[in-house]
Amino acid sequence: MPTFGLVDCNNFYASCERVFQPGLAQRPLVVLSNNDGCVIARSQEAKALGIPMGAPLFKIRGIISDHDVVVRSSNYALYGDLSERVMSLLAQEAPRVEIYSIDECFLDLHRLAVPDLSAWCADLRRKVRLWTGIPVSIGIGPTKTLAKIANKLAKGSPRAGGVLDLVHHPDWIEPALRKTPVGDVWGIGRRWSSMLADRGIATAFDLSRAQDGWVRQRMGIVGLRTVHELRGIACHDLETEPAPKQTTCCSRSFGKAVSQREEVYSALLSFAERAAEKVRVGNQVAGALQVFVSTDRFDTKAPPYSSAATIRFLVPTADARDIVKAAGQAFDKIWRPGFAYRKAGVLLLDLAEPGDRRAGLFDQRIRYSDDLMQAVDAINQRHGRGAIAFGLAPKSRGRLWAMKQDMLSPRYTTRWSDLAVARANEAANGALD
DNA sequence: TCTGGGGTCCTAGGACCC
DNA sequence: TCTGGGGTCCTAGGACCC
């Protein structure tokens, strides 16, 4: 029987904020999206206060001040680095792993020859906590979907102690499915959840009993796979090699609405540069570029406008000069004066490895990482993003469109100047438990 | 006043071809 | 004037994920 483990970091961003500030333990804490817009992570204590996921900050001001909730802007440099530490530890301990997201990792536990899998997982949990400071839960199931469900139950049940194994306790599967609302199943989002509810399918168990033909018709092949996985038939393997990206994107909502052409233009050019850098890091080239702009979709009074333009490169490229230039051309096609813009972005499409079939006939001419680009990447790596930039008008340096990040924690692990300082008394209190 | 960013996969429909 | 069955490729949109 295939045996999948799913390691999921508990309240990951909130836990990251606590690693270097142990004084935050036990306190309600939320982490906000870019622009300090809405809640994207909550500590257990914040969940207990009833703060919903995705709540806009302005709607929970009352709870925050009544309960002294700690609020943080998101600090992806910190979360990304702590994630790498957790993942590399897991990769050392398990035979094969699939890093599924910044805070989740599937493990192949099939051929792991240990007498007691639950005990082995409990030990792994302790190790991760001790070495990285991050608490995790582990679910085990015969399919990825069931491992996900096991994980969720392991998190919720104090008795489980953070580990739940449905492979060696197959009689627990049915009660686990009955306890799981259908919307909590991996692959069932809001739309399908309410469609299913309308037809009396409320739990994962109900869904596992639905008719194949009906599911195929209403939810396509994707939904059918989910149903099979609930029945214990594995449809998704571990994917140890990350698939090469097909698109990449750099977009932002602006801190406030922007009407000046130069401002939106310079924002887009810097997004284009950033997107180009991402593509170079992946050793890829882009076949096309798309630029989009839009006004504030929540503002019902201001006139709405949104548009996008795509430009195809004659020769696939990752060169910032090509990409910035194309972004400028695309921008010219869609810019309309007189609107208050709130969001803009650059997508790079049809990504390919230089030399693969999709890059086609032009292999020898592909520009992806020449000496200049390598030098640019090296300088920006060393001196911070944007130390060198292409074609930005000098007046753009004010960055009216900059993100709001008023409650940012230090980048403890990726910036020398932000390095945590341990004093004797703090060490005695124990930063890691 | 204040509502994220970055992805994937599937499907339907239109244009075009023989 | 009416009439057929396949194909492919592309795009837009909808569903989902974290």
Side-chain angles (χ1 to χ4, degrees), chain A residues 6 8-9 11-13 30-41 52-62 64 71-76 79-80 83 98-106 144-145 148 151-152 182-196 215-226 229 235-236 239 242-257 271 274-275 278-279 282 287-288 290 292 294-302 308-310 312 340 342-351 358 403-407:
Chain A
L6 176 64
D8 189 315
C9 300
N11 313 322
F12 182 55
Y13 297 168
V30 297
V31 177
L32 302 177
S33 64
N34 282 341
N35 287 314
D36 296 339
C38 55
V39 173
I40 56 168
M53 185 68 167
L57 178 60
F58 70 93
K59 282 193 184 163
I60 55 165
R61 288 280 185 205
I64 288 173
V71 180
R72 290 274 190 262
S73 303
S74 38
N75 183 345
Y76 289 104
Y79 312 151
S83 171
E98 172 190 339
I99 298 172
Y100 177 68
S101 74
I102 194 166
D103 70 335
E104 285 174 67
C105 186
F106 285 105
K144 284 179 160 180
T145 304
K148 279 267 202 182
N151 186 288
K152 198 145 211 159
V182 74
D184 285 359
V185 174
W186 189 40
I188 306 298
R190 273 221 326 274
R191 295 304 261 268
W192 284 355
S193 193
S194 81
M195 183 275 289
L196 291 167
V215 174
R216 178 66 180 82
Q217 201 190 349
R218 305 296 307 222
M219 302 161 70
I221 192 73
V222 178
L224 190 57
R225 281 193 199 120
T226 295
E229 287 239 320
C235 302
H236 301 291
E239 283 162 32
K245 270 196 224 180
Q246 300 170 36
T247 64
T248 199
C249 175
C250 181
S251 74
R252 291 283 178 282
S253 295
F254 303 146
K256 55 183 181 185
F271 300 161
R274 175 67 190 122
K278 284 192 197 176
V279 167
Q290 185 175 70
F292 66 88
S294 75
T295 52
D296 189 340
R297 67 197 163 106
F298 295 104
D299 188 338
T300 49
K301 280 165 285 181
T310 305
R312 190 151 283 285
R342 196 57 208 282
K343 184 169 182 177
V346 172
L347 288 95
L348 293 177
L349 314 167
D350 291 346
L351 302 188
R358 305 193 50 189
M403 263 200 301
K404 204 164 104 185
Q405 285 189 306
D406 291 341
M407 291 148 289

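Every chain is numbered from 1, with letters handed out A, B, ... down the list of sequences.
Across the interface with DNA chain B, nearest-nucleotide mapping of A:Arg342 and A:Thr248 shows A:Arg342 to be the residue nearer the 5′ end.
Of all nucleotides listed (C:dC17, B:dT3, B:dG7), C:dC17 comes nearest to the side chain of A:Trp186. Side-chain atoms of A:Thr247 lie closest to B:dT8 of the nucleotides B:dT8, C:dA15, B:dT3. Comparing atom distances between the A:Pro56 side chain and each of B:dG4, B:dT3, B:dC10 picks out B:dT3 as nearest. Closest to the A:Cys38 side chain, of the nucleotides C:dC18, B:dG4, C:dC16, is B:dG4. Comparing C:dC17, B:dG5, B:dC9 by their nearest atom to the side chain of A:Lys343 picks out B:dG5.
Between A:Ser251 and B:dG6 there is a side-chain polar atom (N or O) within less than 4.0 angstrom of OP1 or OP2. At the phosphate of B:dG5, neither OP1 nor OP2 sits under 4.0 Å from any side-chain N or O atom of A:Lys278.
Shown here, B:dC18 forms a base pair with C:dG5; the pair counts as Watson-Crick or G-U wobble because both key distances fall under 3.5 Å.
Atom CG in A:Asp299 sits roughly 12 Å away from atom C1' in B:dC2 (whole-Å rounding). Put simply, CG on A:Asn34 is 15 Å from C1' on C:dC18, counting in whole angstrom units. The OH-C1' distance, from A:Tyr76 to B:dG5, rounds to 7 Å in whole Å. For A:Phe254 and B:dT1, the CZ to P distance is 21 Å, given to the nearest whole Å. Atom CD in A:Glu98 sits roughly 14 Å away from atom P in B:dT8 (whole-Å rounding). Going from atom CD of A:Gln217 over to atom P of B:dC10 covers 19 Å, rounded to whole Å. For the pair A:Asp103 CG and B:dG6 P, the computed distance is 18 Å after rounding to whole Å. Atoms CZ (A:Arg312) and P (C:dC10) sit 8 Å apart, rounded to a whole Å.
No side-chain N or O of A:Gln405 forms a donor-acceptor pair with one of A:Ser73 less than 3.5 Å apart.
For the pair A:Asp103 (side chain) and A:Asp8 (backbone), a donor-acceptor distance under 3.5 Å is absent. Of the possible donor and acceptor atoms, none in the side chain of A:Thr247 sits under 3.5 Å from a partner among the backbone N and O of A:Leu348.
The side-chain tip of A:Lys144 points at the ring of A:Phe106 from less than 6.0 angstrom away and within 45° of straight on.
If you check every strand for non-hydrogen atoms under 4.0 Å, A:Val185 touches sugar and phosphate atoms only.
Remark: ring of A:Phe298 stacked against base of B:dT3; centroid gap under 5.5 Å, plane tilt under 30°.
Here the OG atom belonging to A:Ser193 is positioned 8.0 Å from the CG atom belonging to A:Asp184, to the nearest 0.5 angstrom.
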